[in-house]
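These notes are about the structure you will find just below.
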Amino acid sequence: MLEHRARELLAEESGGAGAAVASGAAPGRCTLVGEHVDYVGGMVLCCPVDRGVAVALRPSADGRWRLVSAGRRVERPTPEPAGDVGDRAFAAAVVLAARGIRLPALEMAVAADLPEAAGLASSAAVCCAAMVAMLRLAGARLPTGRFVELALAAERDVVGVPCGPLDQAAVVGLPAGGAVLLDCGRGAADVVPWHLETAVLVACDTGETHDVGGAGYRERRAEAEAALRMLGATCVGRIEPCDVAAARLPEPLDRRARHLVTETQRAATAASALAAGDARTLGLLMSASHASLRDDYEVSTPALDAAVGAALAVPGCLGARLVGAGFGGTAIALVDAPAAEGVRMAMKAAVPGSRGAWRLAHAPGLAVTATDVLEG
Ligand code: GLA
């Protein structure tokens with residue numbers, strides 16, 4: 001169990017002298033369809049997944065903040081970001097303090113089976129796991145919606161990553177489980193029952209780590225906002241593909257806008273397909289999403305394209321796409337279960353630098369697993 005590993009790691013750090021006082025775990029997220037539309041009010045079909053991150057913590061004896069994660073150790077006098085591996089976890093303490101939940105300086109250990117910087121929201125998972133552990137330490141509870149807002153504020157406002165609301169909302173998920181259809185324009189989240197009988201997900205981490213705080217993501221976000229301004233809209237949900245064609249936006253904003261508008265429509269259609277158990281249609285929408293991210297939004301890489309192409313070449317693969325922000329990271333495929341192992345091997349073989357390929361499953365989010373600290 002991940003939380004147990006994090007607790008062991010924390011004990012090892014002090015030569016066994018200091019046991020963890022609290023711990024928390026949070027899942028990663030997988031976007032099924034609806035990438036790069038959350039920051040312009042679009043629709044996203046996503047789910048929490050069965051891999052995640054755990055954080056164990058205890059008050060620090062000398063008032064210094066410390067964290068160990070995958071062999072990296074950081075230490076500082078305050079929880080403010082310093083541009084290192086401690087930033088996301090410590091940012092959770094900064095936002096809780098602003099909300100009146102004050103914590104002592106902490107020593108923390110992170111354990112994960114979710115690959116880092118691979119498009120599966122490891123950053124949001126670290127921050128949310130830390131926040132759960134901190135709330136347990138403080139004996140405090142938060143309304144679920146408030147928890148999502150604070151986790152987003154930690155990453156966006158404290159760490160300074162220009163992300164949208166997708167990852168934090170997906171990690172928390174919904175009390176009923178299944179997938180989540182986020183309407184980022186209205187701030188609404190609906191349960192989408194997971195009705196796939198025989199289709200499963202396979203993921204392949206290309207080994208190219210991506211950086212959501214990096215130049216590529218910031219540039220796409222700025223382009224998306226510029227395109228929307230030229231279209232006279234504040235939210236992508238109100239624009240039709242014909243509006244984009246008629247507006248004759250300058251290149252590349254015309255293609256960026258086409259992705260935004262078609263992707264948000266695909267996400268809504270994909271939710272209906274998932275609820276109806278129509279894996280074939282869902283797969284086609286996933287492949288169309290990848291083509292749009294590759295050609296119109298230009299966030300794919302040769303390794304991601306190779307993983308997607310290799311998956312689609314295996315009979316029984318229903319669709320495949322990059323997941324997360326792109327510029328590296330992970331590709332996923334929707335596959336008839338008997339073909340899963342063949343697709344897994346094909347994807348891995350197509351990407352020499354891959355850090356691994358595995359079956360990925362949807363899982364309950366924090367709204368189900370952390371009801372001791374989340375309410376409502
Ligand atoms: C990252 C960001 C999200 C979202 C995705 C792309 O995961 O954190 O807000 O923009 O990329 O869909």
Side-chain angles (χ1 to χ4, degrees), residues 27-39 42-52 113-125 163-164 166-171 173 179-182 199-212 216-217 220 259 263 266-267 270-271 274 282-294 297-312 317-335 340 343-344 347-348 350-351 354-363 365:
R29 71 97 186 86
C30 178
T31 313
L32 293 166
V33 178
E35 218 69 87
H36 278 281
V37 295
D38 63 333
Y39 48 74
M43 308 277 271
V44 189
L45 179 64
C46 55
C47 58
V49 294
D50 61 347
R51 286 192 175 213
D113 60 6
L114 186 73
E116 201 174 314
L120 296 168
S122 59
S123 303
C163 57
L166 155 61
D167 298 347
Q168 294 73 18
V171 162
V180 183
L181 181 64
L182 298 175
V200 297
L201 291 170
V202 175
C204 173
D205 174 4
T206 61
E208 297 174 330
T209 53
H210 77 162
D211 177 7
V212 181
Y217 187 89
R220 287 301 173 279
H259 167 75
E263 183 76 350
R266 273 189 292 273
L274 178 61
L282 178 59
L284 291 172
L285 290 162
M286 288 171 65
S287 297
S289 167
H290 183 76
S292 182
L293 288 160
R294 180 192 60 210
Y297 223 61
E298 294 182 285
V299 296
S300 191
T301 64
L304 286 165
D305 292 342
V308 165
L312 290 173
C317 179
L318 305 168
R321 60 185 294 274
L322 70 86
V323 62
F327 304 108
T330 300
I332 53 164
L334 184 70
V335 183
V343 168
R344 192 189 72 75
M347 289 174 98
K348 193 160 185 316
V351 184
S354 170
R355 288 191 290 187
W358 67 95
R359 282 266 294 263
L360 185 69
H362 70 102

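Keep in mind that this is a model prediction, so the values were computed, not measured. Computed over heavy atoms, backbone and side chain alike; hydrogens, waters and symmetry mates excluded.
Remark: the backbone N or O of Asp205 is paired with a side-chain donor or acceptor of Ser354 at under 3.5 angstrom. Side-chain atoms of Arg29 do not come within 3.5 Å of backbone N or O of Val171 as any donor-acceptor pair. Counting only distance, with no hydrogens or angles, the side chain of Glu263 and the backbone of Gly34 share a donor-acceptor pair below 3.5 Å. Between the side chain of Arg220 and the backbone N or O of Tyr297 there is at least one donor-acceptor pair closer than 3.5 Å. When atom types are taken as modelled, the side chain of Asp50 and the backbone of Ala361 share a donor-acceptor pair closer than 3.5 angstrom. In terms of modelled atom types and a separation under 3.5 Å, the side chain of Arg321 and the main chain of Thr31 share a donor-acceptor contact.
In this structure the side chain of Arg355 reaches within 4.5 angstrom of the side chain of Thr209, judged on heavy atoms. Looking only at side-chain heavy atoms (C-beta outward), Glu35 and Leu166 come within less than 4.5 Å of each other. No side-chain heavy atom of Leu182 sits less than 4.5 Å from a side-chain heavy atom of Asp38.
The shortest non-hydrogen separation linking Ala307 to Met347 is O-CG, 3.6 Å. The heavy-atom pair separating Ala199 from Leu334 by the smallest distance is CB-CD1, 4.0 Å. Ala203 and Ile332 make their closest contact through CB-CG2, 4.1 Å (heavy atoms, listed as atom of the first residue, atom of the second, distance). A pairwise comparison of heavy atoms in Ala311 and Cys317 identifies O-CB, 3.0 Å as the closest pair. Between Gly319 and Ser287, the shortest heavy-atom contact is CA-OG, 3.2 Å. Summarising the geometry of Cys163 relative to Gln168, their closest heavy-atom pair is SG-NE2, 4.4 Å, with the distance given to 0.1 Å.
The aromatic rings of Phe327 and His36 lie perpendicular to each other, with more than 60° between the two planes, well past the 30° mark.
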**Study point:** Audit row: Leu32, Leu274, side-chain contact (heavy atoms from CB on, under 4.5 Å) steps and yes/no
**Key:** CA-CA 10 Å; Leu32 293 166; Leu274 178 61; 4.2 Å; yes

Practice item. In sequence, state the C-alpha distance, the side-chain angles, and the governing distance for Leu360 and Cys30, and then conclude on side-chain contact (heavy atoms from CB on, under 4.5 Å). Key: CA-CA 9 Å; Leu360 185 69; Cys30 178; 4.1 Å; yes

Check your understanding: Run the side-chain contact (heavy atoms from CB on, under 4.5 Å) check on Arg359 and Val200 step by step: do they pass?
Key -> CA-CA 7 Å; Arg359 282 266 294 263; Val200 297; 3.5 Å; yes

Exercise for review: Please test Val33 against Met43 for side-chain contact (heavy atoms from CB on, under 4.5 Å), starting from the C-alpha separation and ending with a verdict.
Suggested key: CA-CA 9 Å; Val33 178; Met43 308 277 271; over 6 Å; no

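Screening Thr330, Leu304, Leu322 for a side chain to side chain contact (heavy atoms under 4.5 Å, CB included) with Thr206, the sole residue that qualifies is Leu304.
Going from atom CD of Glu116 over to atom OG of Ser122 covers 5.5 Å, rounded to the nearest 0.5 Å. Interatomic distance, OG of Ser292 versus CG of Leu285, reported as 11.5 Å (0.5 Å rounding). Interatomic distance, CZ of Arg294 versus OG1 of Thr301, reported as 11.5 Å (0.5 Å rounding).
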